[in-house]
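See structure below.
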Amino acid sequence: MTIYALVDGNSFYASCQIAFQPGLVNRPVVVLSNNDGCIVAANQIAKNLDLQHIKTNSMGSGGYHAATPDSMMFQPFFKVAPLLKRYNTAVFSSNYELYADMSQRMHAISAQFATRQEIYSIDESFLDFTGMPKESLHSHALALKKRIAQWIGIPVAVGIGHSKTQAKLANHLAKTNADGVLDLTQMPESALDALYKKVKVGKVWGIGKRLSEQLINQEIKTVYDLKSANSKTLRKRFSVNVERIALELNGQACFDFHEKPDNKQNIVSSRSFGQNVLDFTTMREAVSSYTATAAAKLRKQQSTCQALTVFINTPRYQTHLAQYQNQYTLPLIYPTDSTILLTKIALRALQHIWYEGYEYQKAGVMLTNIQTKTNLQPDLFAPNPQYSGNPKSDNLMKALDNINQKMGKNTLQLASSGLQKNRWQMNRNLMSKRYTTRWEELLKAYAG
DNA sequence: TCTGGGGTCCTAGGACCC
DNA sequence: TCTGGGGTCCTAGGACCC
């Protein structure tokens with residue numbers, strides 16, 4: 001029987017900031033989303049701040065994240081700014097370069113503690129603990145936790161179970177455990193049931209707000225209720241996925257390990273603008289720039305795409321402004337990974353949906369119909385049947401990627417991306433140094 | 001003044017075919 | 001003078017995740 005462990009960095013982004021400014025450890029710390037828009041990470045002290053007066057209407061019903069009463073998360077920054085200030089909170093703009101580098105280090109350490117690892121997100125990985133002596137699982141996890149703390153200064157929690165869902169749940173519960181580790185595999189059935197009875201069904205991985213409401217309507221209120229529900233009924237009333245989740249809670253693994261990350265089936269690059277965009281020239285630059293980012297991601301996974309979508313919209317929360325949103329998809333005759341070609345297509349798609357007179361807040365580019373380059377299916381009936389990649393373009397793109405990787409993003413770019421990005425680029429007014437990836441931003445220590 | 005970005009999977013429904 | 005039933009493929013939208 002496979003044993004799964006889930007390692008998860010506590011308030012990961014906030015912990016990354018604290019790791020380099022240990023003086024913050026006793027202060028509330030929050031990290032903002034792109035554009036300094038809302039809060040995406042908060043340490044426990046910040047989470048404990050009194051949110052009474054800001055609980056209402058956090059992101060509106062159309063938001064990605066419903067506000068949960070206990071959470072500072074996803075509150076618009078401007079709404080909580082006065083409260084944060086009152087409590088002397090350290091506020092940071094997102095510093096993705098720093099978090100990505102710290103993430104790699106954390107995952108590398110975790111990998112040393114298991115035969116297999118699945119990197120699930122920037123701050124989480126599943127580990128395979130199968131075959132380890134049962135009584136030592138807990139101490140093994142503690143050793144892992146200790147090493148990550150010592151080597152990179154990030155606190156983690158570890159959950160252990162017979163399925164991914166159990167490991168996720170154990171991890172969630174471990175966060176409030178004294179030592180930050182919880183092993184469900186060593187728990188007798190009765191103890192497990194007693195524990196499950198105390199946890200709300202919405203805490204289960206894969207049960208979001210909507211499903212949780214629907215389950216509660218059917219008298220399935222706790223993890224125990226879900227675990228003991230009839231699995232065929234669950235499939236009929238909800239979905240095959242809910243059925244699987246229930247089985248997983250029973251210790252029957254339905255979701256496999258994925259050691260190698262799958263190639264993306266869709267690649268999106270989109271951003272909110274630092275300030276609303278009114279003119280086509282500026283919008284062209286933004287769309288060109290997002291296309292370049294998406295195309296670089298595409299080449300990184302050695303794929304091509306055969307369709308591209310551009311979307312633009314006005315700010316939905318600024319209700320006094322005229323609202324408009326639209327998207328347009330263009331198929332390509334040949335699969336490609338060329339920034340030059342994709343940019344042409346993207347700008348053509350933009351022409352289709354652009355209307356003068358609106359204040360635009362966001363734009364994005366999505367690449368779809370993605371295929372890996374190695375199993376490209378050339379279209380025999382296309383006018384140019386021998387096409388299966390274009391060596392000249394491939395070399396050019398390779399050179400572009402190499403230079404940008406070595407010298408920094410946007411060292412080399414198309415003229416259509418523009419040089420005055422400050423007209424639309426996001427605000428990050430509170431960014432810390434990139435301690436681990438830039439020589440000139442290294443931490444300095446003074447002796448004497 | 002100020003509300004993120006990037007993914008996956010599933011399902012329902014329409015178009016089309018026999 | 002009758003308006004079935006089954007199948008596939010595609011797309012849009014919903015729900016979930018971090």
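All chains are named by letter (A, B, ...) in the order of the sequence lines, taking the proteins before the strands, and each is independently numbered beginning at 1. Only this structure's heavy atoms are used, side chains among them; waters, hydrogens and symmetry mates stay out.
- In this model, the phosphate group of C:dC17 is not approached by any side-chain N or O of A:Lys203 to a distance below 4.0 Å at OP1 or OP2.
- Taking the nucleotide of DNA chain B with the nearest heavy atom to each of A:Lys264 and A:Met426, the more 5' of the two is matched to A:Met426.
- If you take atom P in B:dT3 and the same atom in C:dC18, they sit 25 Å apart, rounded to whole Å.
- Within the nucleic acid shown, A:Val204 comes within 4.0 Å of sugar-phosphate atoms alone, with no base atom in reach, counting heavy atoms only.
- Put simply, A:Lys168 has a side-chain N or O that comes within less than 4.0 Å of OP1 or OP2 on C:dC18.
- Of the side-chain N and O atoms in A:Ser270, one or more sit less than 4.0 angstrom from OP1 or OP2 of B:dG6.
- To the nearest 0.5 angstrom, A:Phe20 atom CZ is 5.5 Å from A:Leu98 atom CG.
- With both ends at atom P, the span from B:dT1 to C:dC17 equals 34 Å, rounded to whole Å.
- For the P atoms, the distance linking C:dG4 with B:dG14 amounts to 16 Å, nearest Å.
- Geometrically, A:Lys164 engages A:Phe126 in a cation-pi contact defined by less than 6.0 Å to the ring centre and at most 45° from the axis.
- Contact annotation for A:Asn241: no contact, since no heavy-atom pair falls under 4.0 Å across all strands.
- Note: CZ (A:Phe77) to P (B:dG5) measures 17 Å, nearest angstrom.
- Considering only the side chain of A:Ser121, C:dC18 comes nearest among C:dC16, B:dG4, C:dC18.
- In this structure, the CG atom of A:Asn10 is 14 Å from the P atom of C:dC18, given to the nearest Å.
- Under the Watson-Crick or G-U wobble criterion, with both distances below 3.5 Å, B:dC9 is paired with C:dG14.
- With rounding to whole Å, A:Gln425 atom CD is found 17 Å from B:dG4 atom P.
- When rounded to the nearest whole Å, the span between NZ of A:Lys209 and C1' of C:dC17 equals 16 Å.
- One interatomic measurement links the two molecules: NZ of A:Lys297 to P of B:dG5, which rounds to 11 Å at whole-angstrom precision.
- Put simply, A:Lys362 has no side-chain N or O that comes within less than 4.0 Å of OP1 or OP2 on B:dT3.
- Out of B:dG4, B:dT3, B:dG7, the shortest distance to the side chain of A:Val268 is found at B:dG7.
- Listed candidates were B:dT11, B:dG6, B:dT3. Nearest to the side chain of A:Gln318 is B:dT3.
- Residue-level contact check: A:Leu211 touches the backbone only, with heavy atoms under 4.0 Å from sugar-phosphate atoms and none from bases.
- A:Leu32 comes within 4.0 angstrom of no nucleic acid atom, judged by non-hydrogen atoms across all strands.
- When each of C:dC18, B:dG7, C:dA15 is scored by its nearest atom to the side-chain atoms of A:Tyr120, the top-ranked nucleotide is C:dC18.
- The NE2 atom of A:His107 sits 13 Å away from the P atom of C:dC18 (whole-angstrom rounding).
- Atom pair A:Arg244:CZ and C:dC16:P shows a separation of 17 Å (rounding to whole Å applied).
- When A:Thr293, A:Thr339, A:Leu347, A:Leu414 are each tested for a side-chain contact (heavy atoms from CB on, under 4.5 Å) with A:Ser288, only one passes: A:Leu347.
- Residue A:Phe78 is the one, among A:Phe78 and A:Asp262, whose nearest nucleotide of DNA chain B lies closer to the 5' end (criterion: closest heavy atom).
- Within 4.0 Å (heavy atoms only), A:Ser269 reaches sugar-phosphate atoms of the nucleic acid but no base atom.
- Close to C:dA15, at under 4.0 Å from its OP1 or OP2, lies no side-chain N or O of A:Ser239.
- A side-chain donor-acceptor contact under 3.5 Å links A:Ser93 and A:Asp36.
- Of the candidate nucleotides B:dG4, B:dT3, B:dT8, B:dG4 has the atom lying nearest to any side-chain atom of A:Asn34.
- Counting non-hydrogen atoms of neighbouring residues, nucleotides and ligands closer than 6.0 angstrom, the OH atom of A:Tyr324 exceeds 12 such neighbours.
- At least one side-chain heavy atom of A:Lys175 sits under 4.5 Å from a side-chain heavy atom of A:Asp8.
- Screening A:Ile245, A:Leu247, A:Val240, A:Ile220 for a side-chain contact (heavy atoms from CB on, under 4.5 Å) involving A:Leu234 leaves a single residue, A:Ile220.
- A:Gln265 has a side-chain polar atom (N or O) that falls below the 4.0 Å cut-off from OP1 or OP2 of B:dC9.
- Nearest to the side-chain atoms of A:Glu124 among the listed nucleotides B:dT3, C:dC18, B:dG6 stands C:dC18.
- Which of B:dT8, C:dC16, B:dT3 sits closest to the side chain of A:Asn266 comes down to B:dT8.
- Rounded to whole Å, the distance from CD on A:Gln75 to C1' on B:dG4 is 14 Å.
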